[in-house]
Number of protein chains: 2
Amino acid sequence: MGGDHGPPVVIPAVLRAISDLPATVRFLLHGDGAVLAADLAKHPGAAARVEIRHAERVIGMDEKPAQAMRRGKGTSMWNAVEAVREGQAAAALSAGNTGALNGISKLILRMSVDLERPALVTSIPTPRGVTTFLDVGANIDCDAERLVEFAIMGEAYHRAAHGAPKPTVGLLNVGSEEMKGHEEVREAHRVLREGKIDLDYRGFVEGDDITRGAVDVVVTDGFTGNVALKAMEGAARFINAELRNTLTSGLLATLGAVLARSALLRFRERMSPTPAAPFLGLNGIVVKCHGGASDRDFAMAIRLAADLARSDFSAEIERNMRRLPDALAETAAPGPADPAGSNGAEHGAAPQGAGE
Amino acid sequence: MGGDHGPPVVIPAVLRAISDLPATVRFLLHGDGAVLAADLAKHPGAAARVEIRHAERVIGMDEKPAQAMRRGKGTSMWNAVEAVREGQAAAALSAGNTGALNGISKLILRMSVDLERPALVTSIPTPRGVTTFLDVGANIDCDAERLVEFAIMGEAYHRAAHGAPKPTVGLLNVGSEEMKGHEEVREAHRVLREGKIDLDYRGFVEGDDITRGAVDVVVTDGFTGNVALKAMEGAARFINAELRNTLTSGLLATLGAVLARSALLRFRERMSPTPAAPFLGLNGIVVKCHGGASDRDFAMAIRLAADLARSDFSAEIERNMRRLPDALAETAAPGPADPAGSNGAEHGAAPQGAGE
């Protein structure tokens, strides 16, 4: 029922997915039974793969998360997540209220890792594919342990979603030298570099490495991640608007734009953000599709949910999480305040500023 | 002597500036006396406005800042900054080693504010002009007081550089509600909102507001600022490359690109970063021009240095800095750990995540 469009987008997306995905993939549709049944009746092929679960109420797109959680029981969103907890569904998918879905998922499924709330992950286009980028806004204050948890979850997610056998991982920082950045990021670097966690860690990366595709997975705290993501989105929007102005600024430019039209449409397509992403760190798979999704977007989100459900991703995360206490204990040895101990001459090299 | 090109860029830039700026603006050129004299001799008009100060040594572009500071005495960079301290120059300008210039400036001029090192400021294009954005990498760990200092310096800088009588100021955060973000940013928000500091504070802004031009000055810590700046630069570079691929992807698109060529060049020009910015927080004006600057860029940097030197900007910063202790004392009352006290229902609304 969620998103800006509701069933008129969800039903066609399910029909698309039915024809694309194996027959073993089946759907529980939570929402207004009469509305859903009427829409589905037009597509006789769907009945065998779809089951309608009636819900009396829905959560509004503008409802505050805290309020949605208090009054959420019995809503279509609540029931979808509960079906995961009860093992009736392998994944829950919604285009509804993000904060409410995040909160209800945490409440019903509980966190599998020691995070305040499920991490938000996104995919950024690069010349060679996509970068998996997290946390983009859920966990504001992050210590080294949380950053390592993001690395573990992001790596497993990237493999499940993109089929890369051994994704590379980088930690976002203001420079590539050991001494750069604040203590949390330097400690996470020491833990990951040590190799007790099973992932292909490549060290520090910088802001422009996200779109460069320097590594497959870029890890940061939710504050920095949210600002960086929105800054990139803002830059893309600004450039798009400027380009439109430029290409209508004169007769020749306009003619040029007309001739290049189909290429420019493909370009815009490539630049648009991916339509869906999971909440990471839950005991179960929940995928959030963006509110303005088209039926094509929603079908892609269904495919992602199915890919995650069929992958080994939860078990892989659990395996690495069990290695974490040991890895943390090891690096704690030189003392938490020791800034890696060596290489003092480099301390404060630009852009952190000049050494003293 | 600095930058990727040295005197072949600096001398033509000085000649441009001589013809553009009032006759009262004069130049001290620090560097290899013979080289500079030979270059200047070709331009007889320059002699009256330019004085050459010979320096035996220069600081290399790749020299570590700490090393540059130890061995800096007598270099052209050192002498340029020292001329500011001695009142012989109203501003120092260099396209050389950023970290070395930052460190030498701090060493010779000393900080006028309680920062670890001079703040780095940059200008980001927007539909209605530019956004002044700081700190973009000098001060990694920032408490509320430092964020307020950035606001004071950024506001005065924006007025001096762009002639806006009363620039608007925003604090970068992950949402616009009072409860969002970490404690440092929320405390700085309380101090600025209170109005004891004389500036037009507009509250929290988000990452995409930087290129939207929601406010004139966007304030953040050096970690977030550096990541956001590089993320935007990376996004712009990626989009540029994709656009080039798109517009050469077929006969029609290529023909379109040819017709739109001059418009696309103007577009690229608009997107390129501003060539120079001051180090903020010093007892004196030091402007850093980027290393790859053309003579046109360097001439713009000279104009900026002259604008700052003729403005009231240092006195304005000092005036507001004197109000800071009082403003901080006032807001400290509710206790440093109190997250603003009220409005708990909103706590944790997306994107910070769902409430609990």
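Residue numbers start from 1 in every chain, and the chains themselves are labelled A, B, ... in the order their sequence lines are given, proteins ahead of strands. Values below: every heavy atom of this structure, side chains too, minus hydrogens, waters and symmetry copies.
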Problem - Top contributor to chain A interface from P127(B), A228(B), A257(B) [non-hydrogen pairs under 4.5 Å] - result: P127(B)
Handout entry: For the student: nearest non-hydrogen atoms of L172(A) and V227(B), plus distance
Key = CD2-CG1, 3.4 Å
Problem - Closest contact, heavy atoms only, H182(A) versus D141(B) - result: CB-OD1, 3.3 Å
Completion exercise
Counting heavy-atom pairs under 4.5 Å with chain B, the top scorer among N245(A), T254(A), L252(A), V258(A) is L252(A)
Completion exercise
In this structure, CG of L243(A) is separated from CD1 of I239(B) (nearest 0.5 Å) by 9.5 Å
Handout entry: Heavy-atom pair count under 4.5 Å with chain A, highest-scoring of A231(B), A253(B), G213(B), P118(B)
Key = A231(B)
Problem - For the student: nearest non-hydrogen atoms of R237(B) and D208(A), plus distance - result: NH2-OD2, 2.9 Å
Exercise for the section: Side chain from CB out, backbone as N, CA, C, O: work out which of these in T126(B) comes under 4.5 Å of a heavy atom of chain A, or both, or neither. Expected result: backbone
Completion exercise
What one should report as the nearest heavy-atom pair of N226(A) and E206(B) is OD1-OE1, 4.4 Å
Exercise for the section: Could you tell me the separation between the CE atom of M232(A) and the CD1 atom of I210(B), rounded to the nearest 0.5 Å? Expected result: 11.5 Å
Practice task
Could you tell me whether the side chain of T211(B) and the main chain of F238(A) form a donor-acceptor pair under 3.5 Å?
Solution key: no
Exercise for the section: Calculate, to the nearest 0.5 Å, the distance between atoms NZ and CZ belonging to K180(A) and F223(B) respectively. Expected result: 11.5 Å
Exercise for the section: With a 4.5 angstrom heavy-atom cut-off, could you sort out which part of N173(B) is near chain A: side chain, backbone, both or neither? Expected result: both
Handout entry: Which atoms of S249(B) approach chain A - backbone, side chain, both or neither, heavy atom under 4.5 Å
Key = side chain
Problem - Main-chain N/O of T224(B) paired with T224(A) side-chain donor or acceptor, under 3.5 Å - result: no
Exercise for the section: Give, as side chain, backbone, both or neither, the part of A241(A) having an atom under 4.5 angstrom from any heavy atom of chain B. Expected result: neither
